[in-house]
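What follows is a short report on a single structure.
Keep in mind that this is a model prediction, so the values were computed, not measured. One is the number of the first residue; the rest follow in order along the sequence.
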Amino acid sequence: MNQQEKRNVRGAGKVSIDLHRRPNPFRVALRDNSVKVGLAIFGLIVVVAIFAPVIAPYDPQERLRTADGEIARLLPPQWDHWMGTTNFGRDIFSQVIVGTRRTISVGAAAAFMAVFIGANVGLIAGFRGGRVDNLLMRMTDAAYALPFLPFAIVLVGIFGRTDLILVAVIGLLFWRTTARVIRSQVLTTKERTFVKAAIAGGASPRRVLYAHIAPNVVALALVYAMLLIAEAVMADASLSFLGFAPPDSLSWGTIMFDAFTSQRMRQAWWWPMFPGLALMVFMYSVYQVGRGMQRALKQMDIPDIGASARLDSRAPERRSPLAGGSTRTDHLVVVEYLAVTYRPRTPDEEPVRAVKGISLRLDPGEMLGIVGESGSGKTTAVRALLRLLPATADVSGAIWFEGRDLYGVGDREMRSLRWEHLAFVPQSAMNSLDPVQRVGNQIVEAIRVHRQVTRRQARQMCAAALEQVGINPARGRHYPHQYSGGMRQRALIAMAKVLEPTLLVADEPTTGLDVVVQDQIMADLDRVREELGTAIIIVSHDLALVSETCSTLIVMKDGDVVEAGPTDRLVTDPRDPYTRLLLESAHGSAALRSPSPSGSGPGG
């Protein structure tokens with residue numbers, strides 16, 4: 001352990017930098033020699049395209065003459081004409097050089113158009129799911145059914161032979177593969193914790209899609225952009241060779257078209273050979289780079305396709321009023337007979353009753369702990385409170401927050417409640433921050449979604465929040481991979497508290513951290529409760545840890561509440577065998593410190 005990490009453990013307010021960087025697919029790809037060769041060739045071709053008029057030794061349309069004044073027709077490759085001349089006495093080397101500009105520009109523009117269309121179709125289809133996904137994917141299937149060459153010939157014949165038409169035709173027919181690949185990646189990415197955190201933070205669907213999901217699939221889109229440039233250049237060369245290029249245009253395809261129509265291909269073999277070789281070399285370079293990027297992405301172990309996740313908008317069933325004559329407006333949070341069942345995805349599966357009917361009441365400034373082993377239903381219960389369950393979940397019961405029926409409000413009102421009133425610290429800090437955005441920017445985004453403040457004011461609020469949890473505000477300019485695990489967790493707490501919410505839900509906030517950092521995280525949460533009067537729900541499997549700070553506890557097993565009540569009573573006199581088992585496994589009940597109660601116990 002280095003000195004910086006030791007200072008972090010001592011809680012001196014200075015934290016260590018995690019030197020394990022998130023793999024960069026471009027850097028990984030550059031380790032491959034074939035990628036380096038491909039990039040070198042590709043870069044050389046691009047330079048030639050840019051400076052073509054300077055590099056070309058002759059005007060590509062000039063009719064050259066020999067020393068005796070004759071037109072230099074069909075001269076073979078020689079010192080003055082490296083690639084020979086055409087039937088019209090034009091220098092083929094100059095034509096290939098100048099034709100590089102149009103060939104590359106048309107291919108790149110068409111590839112950009114195809115990637116833009118395909119990426120947006122894939123993003124929207126994967127993110128929205130349901131009918132939108134089905135409609136867009138059927139459109140993609142229909143596009144696959146169109147044969148490129150006949151369809152392109154028809155469109156060019158109808159709309160005319162211009163570069164703009166060629167770009168549009170190629171772009172409109174080459175987006176299909178990109179759409180499918182991006183869609184599959186979005187289905188995976190939207191299940192990641194940092195996306196759930198953005199949704200819980202109240203970000204609009206458009207912002208979630210384009211600010212959090214899209215940057216994480218851009219590397220894959222760039223790979224297909226490289227491959228599409230090669231395909232687009234080949235498509236343009238094919239159409240040009242068939243005579244569908246604009247009149248008087250010059251590209252590798254039109255050079256080969258002139259050679260073919262001259263009927264001198266056997267006599268002047270060099271005429272079509274050199275533009276053909278240029279096309280082959282370009283294709284080789286692009287495919288080497290593209291395939292190298294694909295291999296790099298596979299080495300980074302991109303997750304497989306996951307299930308779609310959307311906010312559950314089903315209205316829960318209404319049950320009986322609260323016991324004891326209290327009303328739903330007497331408490332900050334009221335949960336009545338909450339039950340959650342996950343519908344089977346296949347006919348062979350059975351429905352899963354994750355939560356089987358729990359009730360609780362929570363008041364301002366109270367800290368409630370929900371404990372149980374993995375699979376006990378505790379995370380499902382709090383996600384139901386935040387309306388963050390997947391579409392396969394059926395919810396019954398009632399959830400009231402500040403007198404509002406949370407399943408009776410619309411999506412827009414729910415987004416406005418999240419983060420400003422209902423904050424969330426998601427499970428697994430290692431994956432809960434967007435890896436391609438600076439930590440400070442993510443906190444600033446949460447602020448500006450809910451508050452009408454300038455960016456400067458938001459940054460000041462961000463700096464104050466980071467400092468309050470022991471992170472140097474200057475570290476807000478760093479990326480998540482530059483933070484240690486404890487720093488990431490503290491950054492999430494800073495993000496959750498920055499708008500002073502009335503309720504903060506922390507799902508396993510200390511998982512994967514050492515015991516010293518765990519105590520610091522719990523102390524940070526307790527300070528939030530004391531300073532802001534925020535009610536806090538902590539979900540954990542560690543009964544010993546939460547019993548030190550929570551005034552009340554709920555113990556869950558197999559979706560049921562087996563015991564609930566004030567922490568001091570539950571720790572000193574557990575009434576259920578499962579609670580006693582948890583206490584025995586948590587270093588022994590004698591080692592637990594009895595906390596000072598700061599609120600009422602949960603109901604029901």
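- With a 4.5 Å cut-off on side-chain heavy atoms, L466 and N472 do not count as touching.
- Counting only residues at least two apart or on different chains, the side chain to side chain donor-acceptor pair (under 3.5 Å) pairs with a member in residues 225-249 are R102-D236.
- Between the side chain of R101 and the main chain of A49, a donor-acceptor pair closer than 3.5 Å is present.
- Looking only at side-chain heavy atoms (C-beta outward), F424 and R383 come within less than 4.5 Å of each other.
- R161 contributes no side-chain N or O that, together with a main-chain N or O of F244, makes up a donor-acceptor pair within less than 3.5 Å.
- Surrounding OH of Y210 are more than 12 heavy atoms belonging to other residues, nucleotides or ligands, all under 6.0 Å away.
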Under 3.5 Å donor-acceptor pairs involving side-chain atoms of residues 267-287, not counting sequence neighbours:
| unit_1 | atom_1 | unit_2 | atom_2 | d |
| --- | --- | --- | --- | --- |
| W270 | NE1 | L75 | O | 3.3 |
| W270 | NE1 | T85 | O | 3.2 |
| S285 | OG | F282 | O | 2.7 |

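- Between V498 and A465, the shortest heavy-atom distance links the atoms CG2-CB, 3.9 Å.
- A distance-only check finds no donor-acceptor pair linking the side chain of R438 to the backbone of Y479 [under 3.5 Å].
- Surrounding CZ of R451 are more than 12 heavy atoms belonging to other residues, nucleotides or ligands, all under 6.0 Å away.
- Side-chain atoms of T100 never come within 3.5 Å of backbone atoms of V48 as a donor-acceptor pair (strictly under, hydrogens ignored).
- The heavy-atom pair separating A168 from M113 by the smallest distance is CA-SD, 3.8 Å.
- Put simply, the side chain of Q437 gets close to the backbone of A211: a donor and an acceptor are under 3.5 Å apart.
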Mind running side-chain contact (heavy atoms from CB on, under 4.5 Å) on M139 and V121 for me, showing each step along the way? CA-CA 10 Å; M139 289 173 54; V121 169; over 6 Å; no

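- At least one donor-acceptor pair under 3.5 Å links the side chain of R418 to the backbone N or O of L386.
- Remark: F127 CZ to L187 CG distance equals 11.5 Å, nearest 0.5 Å.
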Where do W82 and I92 land on the side-chain contact (heavy atoms from CB on, under 4.5 Å) test, with the steps shown first? CA-CA 8 Å; W82 292 357; I92 296 175; over 6 Å; no

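- Using a 4.5 Å heavy-atom cutoff, the side chains of V217 and T189 are in contact.
- Under the 4.5 Å side-chain criterion, counting only non-hydrogen atoms from C-beta, E445 is in contact with H212.
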Report the C-alpha distance between H478 and V439 in whole Å, list the side-chain angles of each, state the deciding distance to 0.1 Å, and finish with yes or no for side-chain contact (heavy atoms from CB on, under 4.5 Å). CA-CA 6 Å; H478 293 175; V439 173; 5.8 Å; no

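- In this structure, F112 and F116 have parallel ring planes: the angle between them is below the 30° cut-off, well short of the 60° mark.
- Y342 and P390 make their closest contact through CE2-CG, 3.8 Å (heavy atoms, listed as atom of the first residue, atom of the second, distance).
- Side-chain contact between D411 and R387 is present, with at least one heavy-atom pair separated by less than 4.5 Å.
- The CZ atom of R176 lies 12.0 Å from the CD1 atom of I117; values are rounded to the nearest 0.5 Å.
- Side-chain atoms of K190 come within 3.5 Å of backbone N or O of G126 as a donor-acceptor pair.
- Remark: I165 CD1 to I158 CD1 distance equals 10.5 Å, nearest 0.5 Å.
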Show the numbers, then the answer: is there a side-chain contact (heavy atoms from CB on, under 4.5 Å) between T86 and Q95? CA-CA 10 Å; T86 70; Q95 289 193 329; 3.7 Å; yes

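- In this structure, the side chain of R183 does not engage the main chain of A125 through any donor-acceptor pair within 3.5 Å.
- The distance from the CZ atom of R459 to the CZ atom of R448 is 9.0 Å, given to the nearest 0.5 Å.
- Side-chain contact check for L242 versus F257: every heavy-atom pair is 4.5 Å or farther apart.
- The closest donor-acceptor contact from the side chain of R488 to the backbone of L433 lies at 3.5 Å or more, if one exists at all.
- Applying the salt bridge (Lys or Arg N to Asp or Glu O under 4.0 Å) rule to R180 yields the partners D141; only residues at least two apart in sequence or on another chain are considered.
- The aromatic rings of F241 and F260 sit tilted, their planes meeting at an angle between 30° and 60°.
- Of the possible donor and acceptor atoms, none in the side chain of R415 sits under 3.5 Å from a partner among the backbone N and O of P205.
- Under a cut-off of 6.0 angstrom, the local environment of CZ in R206 is sparse, with at most 12 non-hydrogen atoms contributed by other residues, nucleotides or ligands.
- Nearest heavy-atom pair, M495 versus A446, reported as atom, atom and distance to 0.1 Å: CG-CB, 4.2 Å.
- If you run side chain to side chain contact (heavy atoms under 4.5 Å, CB included) between V169 and each of L155, I153, L164, only L155 comes through.
- To the nearest 0.5 angstrom, I45 atom CD1 is 8.0 Å from F42 atom CZ.
- The nearest pair of heavy atoms linking L209 to I124 is CD2-CG1, 4.3 Å.
- Rounding to the nearest 0.5 Å places CG of L389 at 10.5 Å from OG1 of T379.
- At least one side-chain heavy atom of L239 sits under 4.5 Å from a side-chain heavy atom of L149.
- P435 has its side chain out of reach of H481: every pair of non-hydrogen atoms, C-beta onward, lies at least 4.5 Å apart.
- Looking at every heavy atom in both residues, Q288 comes nearest to S34 through OE1-CB, 3.0 Å.
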